[in-house]
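What follows is a single structure, written as structure tokens, with notes after it.
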Amino acid sequence: MAVPMVLQMIREALRQSYYGGVMLDMRSQPPSVTSDPKIPGNMVFVIEAGGKTTRYTSDQLSPELLGTC
């Protein structure tokens, strides 16, 4: 899945804040993008392929950042 498409999906999920924050799981192919009401609305948790989890705020998202995950 192309990084710009994943970034757009995450931004859309964050825009609809009543769904909560976003979980991006890079361990599966294609990456899984889900929203979770238990996560604050402006937060993104990225689970990298190796299992490491990193927390970001919505203003930290960029194609460059996602390209490094």
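Atom set for the values below is all heavy atoms of this structure, side chains included, hydrogens, waters and symmetry mates excluded. As the structure is a prediction and not an experimental result, all values here were calculated from the model.
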State plainly whether the residues Arg27 and Asp25 are in salt-bridge range, i.e. N to O under 4.0 Å.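 Yes, Arg27 and Asp25 are salt-bridged.
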
Nearest 0.5 Å please: distance from the OH atom of Tyr56 over to the CG atom of Asn42.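 That separation rounds to 15.0 Å.
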
Side chains of [X] and [Y]: does their closest heavy-atom pair fall under 4.5 Å?
X     : Y     : result
Arg55 : Val44 : no
Thr54 : Glu48 : yes
Phe45 : Val22 : no
Met26 : Val46 : yes

Quick one: do Ile39 and Met23 satisfy side chain to side chain contact (heavy atoms under 4.5 Å, CB included)? Show the steps, please. CA-CA 9 Å; Ile39 300 172; Met23 181 76 66; 3.9 Å; yes

Under the criterion side chain to side chain contact (heavy atoms under 4.5 Å, CB included), I'd like the reasoning laid out for Thr57 against Met43: C-alpha separation, chi angles, the key distance, then a yes or no. CA-CA 5 Å; Thr57 59; Met43 302 299 296; 3.9 Å; yes

